[in-house]
Trainee: 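Take this structure, written in structure tokens, and hold onto it; I'll ask about it next.
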Amino acid sequence: MKKVKKAIIPAAGLGTRFLPATKAMPKEMLPIVDRPTIEYIVEEAIASGIEDIIIVTGKGKRAIEDHFDRNFELEENLISKGKLDILEKINQSSKVEIHYIRQKEPKGLGHAVWCARNFIGDEPFAVLLGDDIVSADKPCTKQLIEQYNTTGSSVIGVQTVSDEETKRYGIIDPISSKGRCYEVSNFVEKPAQGTAPSNLAIMGRYVLTPEIFEFLETQETGAGGEIQLTDAIQKLNESQKVYAYDFDGVRYDVGEKLGFITTTIEFALQNEEIKADLLEYLEEIVKKSNVKS
Ligand code: G1P
């Protein structure tokens with residue numbers, strides 16, 4: 001069985017939910033405390049044993065390439081000032097090979113993944129979406145890879161969401177489960193309110209066999225008029241098994257405003273440098289709002 005060594009990170013989305021902040025800056029570069037969101041994703045891939053990453057970019061995404069490139073002037077400056085701790089931080093991602101390809105038209109997630117087909121070739125691979133950051137003892141992608149290593153089949157990361165939230169996600173229709181692993185009869189992208197087959201939602205982490213490209217090649221548009229990865233996964237599921245895995249870990253939704261802000265607060269509260277002051281500030285705000293109400 002071939003090993004999972006490559007990962008695709010789709011980053012071509014327009015970031016409309018964060019306009020005007022994302023007019024001239026990729027949404028993947030919006031920072032959570034002091035690191036851009038995409039860096040958390042790249043770090044998960046590295047910690048999961050991925051050796052090669054391809055980021056699917058689009059128009060106006062040059063800042064992502066600059067971020068993961070070396071910056072000798074900045075490095076020299078930090079060395080001369082003895083700021084070696086910061087130097088270490090800015091070169092974290094040099095541990096992995098990062099490649100880029102452009103999605104020329106915004107045709108959806110399925111199309112973005114398909115754009116990376118020549119880079120992936122005939123190997124199983126991981127997909128990590130930038131809107132979901134997962135904090136876990138064992139990295140989420142690693143959990144999926146371990147699952148792949150035991151079955152040799154594609155496996156999709158899922159977690160439970162509320163009834164109201166199902167319409168925002170890809171949802172699975174499970175047949176049976178063994179521990180955290182589900183056999184699935186159907187993968188449905190963004191089911192209409194009240195029609196979801198379960199509350200188990202796809203959470204932006206996938207390990208896929210290369211046969212998915214055969215289905216993406218001819219995949220027609222689906223929900224939202226876009227070529228959906230979930231639809232191609234369902235077709236793959238009809239020709240070979242695709243499992244769902246209820247991964248262990250806390251998932252943060254940084255793809256919408258409130259989730260972005262709560263994630264920032266939670267991560268800031270884990271940061272030794274600002275934790276105490278921030279907590280004091282938050283307590284102050286709560287006290288003030290209690291007085292008002
Ligand atoms: C994408 C996928 C969806 C998945 C979601 C997870 O949707 O198409 O199946 O549940 O990511 O965040 P998007 O949020 O890009 O519309």
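Along the sequence shown, residues are numbered consecutively beginning with 1. Atoms within each ligand, like the ligands themselves, are counted from 1 in listed order.
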Trainee: Would you mind writing out the side-chain donor-acceptor pairs for residues 9-31 within the sub-3.5 Å range, not counting sequence neighbours?
Mentor:
| unit_1 | atom_1 | unit_2 | atom_2 | d |
| --- | --- | --- | --- | --- |
| R17 | NH1 | G255 | O | 3.1 |
| T22 | OG1 | G15 | O | 2.7 |
| T22 | OG1 | L19 | N | 3.4 |
| K27 | NZ | D131 | OD1 | 3.1 |
| K27 | NZ | D131 | OD2 | 3.4 |
| E28 | OE1 | K61 | NZ | 2.8 |
| E28 | OE2 | K61 | NZ | 3.4 |

Trainee: Quick one: does M203 get an N or O within less than 3.5 Å of an N or O on ligand 1?
Mentor: no
Trainee: Report yes if the side chains of L87 and E75 come closer than 4.5 Å at any heavy-atom pair, otherwise no.
Mentor: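 Side-chain contact under 4.5 Å: yes.
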Trainee: Would you mind listing which atoms of ligand 1 come within a distance below 4.0 Å of any non-hydrogen atom of Q228?
Mentor: 8 (O)
Trainee: Near D132, which atoms of ligand 1 are under 4.0 Å from a heavy atom of that residue?
Mentor: 6 (C), 12 (O)
Trainee: With a heavy-atom distance limit of 4.0 Å, tell me whether L129 approaches ligand 1 through its side chain, its backbone, both, or neither.
Mentor: side chain
Trainee: At under 4.0 Å between heavy atoms, which part of R168 makes contact with ligand 1: side chain, backbone, both or neither?
Mentor: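 Near ligand 1, R168 shows nothing, with every heavy atom at 4.0 Å or more.
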Trainee: Please answer: with hydrophobic residues joined when any side-chain heavy atoms are less than 4.5 Å apart, are I46 and Y148 in the same cluster?
Mentor: yes
Trainee: I53 versus F68: any side-chain heavy-atom pair under 4.5 Å?
Mentor: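 Side chain of I53 against side chain of F68, heavy atoms only: no contact under 4.5 Å found.
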Trainee: Should the proximity of I202 to ligand 1, defined as any heavy atom under 4.0 Å, be assigned to the side chain, the backbone, both, or neither?
Mentor: both
Trainee: Protein heavy atom under 4.0 angstrom of atom 15 (O) of ligand 1, is there one?
Mentor: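 Neighbour list for atom 15 (O) of ligand 1 is empty of protein heavy atoms (cut-off 4.0 Å).
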Trainee: Rounded to the nearest 0.5 Å, how far does CD1 of I171 lie from CZ of F187?
Mentor: 11.5 Å
Trainee: Answer whether the closest heavy-atom distance between the side chains of V158 and Y169 falls below 4.5 Å.
Mentor: no
Trainee: Check for me, please, whether L128 and I38 land in the same ILVMFWY cluster - side-chain distances under 4.5 Å, paths through other members count.
Mentor: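 Same hydrophobic cluster.
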Trainee: Give me each pair satisfying side-chain hydrogen bond (donor to acceptor under 3.5 Å, both in side chains) with a member in residues 186-197, each pair once, sequence neighbours excluded.
Mentor: K167-Q193, N186-Q234, E189-T230
Trainee: Pick one of side chain, backbone, both or neither for how D253 approaches ligand 1, counting any non-hydrogen atom pair under 4.0 Å.
Mentor: neither
Trainee: Starting from atom 7 (O) of ligand 1, locate the nearest protein heavy atom and write down its residue, its atom name and how far away it is, to 0.1 Å.
Mentor: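 Sorting protein heavy atoms by distance from atom 7 (O) of ligand 1 puts K190 NZ, 3.3 Å first.
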Trainee: Can you figure out which of R251, E189, R205 has its heavy atom closest to atom 3 (C) of ligand 1?
Mentor: E189
Trainee: Looking at T230, which atoms of ligand 1 are within less than 4.0 Å of one of its heavy atoms?
Mentor: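 Those of ligand 1 that fall under 4.0 Å from T230 are 9 (O).
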Trainee: Are any of the N or O atoms of D131 closer than 3.5 Å to those of ligand 1?
Mentor: no
